[in-house]
Every structure is written in C-alpha cells, then in structure tokens.
Amino acid sequence: MNDIYTPEVYISEEEIARRVLSLATSITKDYANSELVVICVLKGAFIFCSDLIKKIQLPLQLEFLAVSSYGDSQVSSGRVRLEMDLTCSIEGKHVLLVEDIVDSGLTVNYLKTLLLARHPASLKLATLLYKPSNLKYDVQIDYLAFEIEDKFVIGYGLDYAGRYRELPFIGILNAGH
Ligand code: IMP
C-alpha cells in the first residue's frame with residue numbers, strides 16, 4: 001500500500017477508548033434521572049458519538065445535525081452552513097451536543113446559538129478534540145477528551161477532503177500529502 005494511506009499515529013485507539021469511557025462515565029453520573037437527547041454533528045463526530053453513547057448508561061435519544069465549513073481545505077471558510085437539521089423538537093429537553101473538534105470555535109458557537117433558540121432545558125457540549133491555539137470564539141466545553149497542538153488531524157471520523165475518516169486512530173498527515 002502506498003504510504004499516503006498510512007498517516008502517523010497521533011492518538012492511539014487505546015488512548016481514545018480510555019478517554020471516551022471516562023467521559024461517558026461522567027455523563028452518566030451528571031445526567032442520572034434525566035432524559036437525554038444526544039446530537040451528533042455530522043460528519044466528523046459520527047465515530048466518537050457512536051463509541052460514546054455505547055458507554056453512556058442512560059436511556060437517550062439520538063439526533064443528527066450536519067454542518068459544513070471547510071470545503072476541501074485545511075482552513076475554515078469562516079462560514080457555517082446547516083446541511084441537515086434535527087428531526088424532533090428539543091424544547092424542554094436536556095441536550096448534549098457531540099462534536100469532533102473545536103478549532104476556531106465558529107461551528108460550535110453557531111450551533112449553540114441555533115439550539116438555544118429552541119429552548120432546551122439544558123445544553124452541554126462534548127468534544128473529542130480542542131485546539132486552543134486557534135480559538136476565536138468564547139466556547140464552553142463541558143466534556144473534553146483531548147486538548148491538542150495546532151496540527152491538522154485526521155481519522156476517527158475526521159477528514160481531509162473527505163478522506164481518512166475510517167482510520168481507528170487520530171493521525172497526522174505527513175507533509176506533501
Ligand atoms: P471550527 O468551526 O473552526 O471550530 O472548526 C470546527 C470544524 O472544522 C470541525 O467540526 C471539523 O469538521 C473541522 N476541523 C477543524 N480542525 C480540523 C482538523 O484538524 N482536522 C479535521 N477537521 C478539522
């Protein structure tokens with residue numbers, strides 16, 4: 001196989017699984033006795049969200065939202081577009097938004113404003129990754145798996161130009177790829 005397909009491992013499957021379990025345990029404790037709506041932000045959060053909900057020991061409802069902001073670039077276009085909306089009302093419900101990565105914070109900021117306008121009972125954010133070096137918006141993260149350096153990462157749901165999402169680990173593309 002050409003080495004374009006074998007990016008460097010940045011965070012291993014085992015490390016991810018440990019952190020996912022730890023976040024799910026906290027979420028289970030924090031939401032005991034409440035009904036939870038988990039919103040998975042497509043496409044990047046689909047693997048993280050899937051692993052997370054399998055470890056949350058509460059009845060929950062799963063919803064999806066799709067947004068796009070990057071096109072085929074490694075740099076955000078600066079605009080967020082809602083590509084797919086929820087299929088149910090979240091009014092009066094406890095909502096957990098599940099994202100892949102908070103980079104500038106633009107996407108999460110946009111989504112929180114959108115969802116808060118629908119009057120949920122509460123709204124919290126779980127994100128797999130957070131790159132503090134690039135943050136431009138005030139974003140509160142309630143459940144964070146990993147804070148990372150300013151590197152473009154792929155795998156475990158995250159893509160570069162639509163590729164690499166299927167990798168079981170979080171990786172970095174080598175220069176030139
Ligand atoms: P933000 O709006 O700048 O916070 O960027 C959030 C979105 O950009 C994420 O949901 C990802 O889809 C994408 N993104 C940001 N950084 C990376 C990265 O390092 N790899 C892959 N996608 C990224």
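In listed order, ligands and their atoms are each counted from 1.
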**OP:** Give a yes/no on ligand 1: does Gly44 have at least one heavy atom closer than 4.0 angstrom to it?
**Re:** no

Original post:
Does a side chain donor of either Tyr143 or Asp30 reach within less than 3.5 Å of an acceptor in the other side chain?
Top reply: yes

**OP:** Nearest heavy atom to atom 23 (C) of ligand 1 wins, so pick from Leu135, Ile154, Val41, Ile101.
**Re:** Ile101

Subject >> Gap separating the CD1 atom of Ile11 from the CZ atom of Arg19, nearest 0.5 angstrom >> reply: 10.0 Å

Original post:
Near Thr107, which atoms of ligand 1 are under 4.0 Å from a heavy atom of that residue?
Top reply: 1 (P), 2 (O), 5 (O), 6 (C), 7 (C)

Subject >> Salt-bridge criterion met for Asp100 and Arg165 (N-O under 4.0 Å) >> reply: no

**OP:** Could you tell me whether ligand 1 has any atom less than 4.0 Å away from a heavy atom of Leu158?
**Re:** yes

Original post:
Just by distance, with hydrogens left out, do Ser122 and His94 show a side-chain donor and acceptor under 3.5 Å apart?
Top reply: yes

**OP:** Could you list the atoms of ligand 1 found under 4.0 angstrom from a heavy atom of Asp159?
**Re:** 21 (C)

**OP:** Under 4.0 Å from a heavy atom of Glu99: give me the atoms of ligand 1 that qualify, with their elements.
**Re:** 10 (O)

**OP:** Give a yes/no verdict on a cation-pi contact between Lys124 and Tyr31, requiring under 6.0 Å between NZ or CZ and the six-membered ring centre and an angle within 45° of the axis.
**Re:** yes

Original post:
Is the closest heavy-atom distance from Lys131 to ligand 1 below 4.0 Å?
Top reply: yes

**OP:** Check Lys151 against ligand 1 and report side chain, backbone, both or neither, counting heavy atoms closer than 4.0 Å.
**Re:** backbone

Subject >> Aromatic ring pairing Phe48/Tyr156, orientation class (parallel under 30°, perpendicular over 60°, tilted between) >> reply: tilted

Subject >> Donor-acceptor pair between Glu63 and Thr87 side chains, under 3.5 angstrom >> reply: yes

**OP:** Show which atoms of ligand 1 fall inside a sub-4.0 Å distance from at least one heavy-atom site of Gly105.
**Re:** 1 (P), 3 (O), 4 (O)

Original post:
What about Val108: any of its N or O atoms under 3.5 Å from an N or O on ligand 1?
Top reply: no

**OP:** Please check if any side-chain donor atom of Ser68 sits under 3.5 Å from a side-chain acceptor atom of Glu83, or the reverse.
**Re:** yes

Original post:
Quick one: does Val153 get an N or O within less than 3.5 Å of an N or O on ligand 1?
Top reply: yes

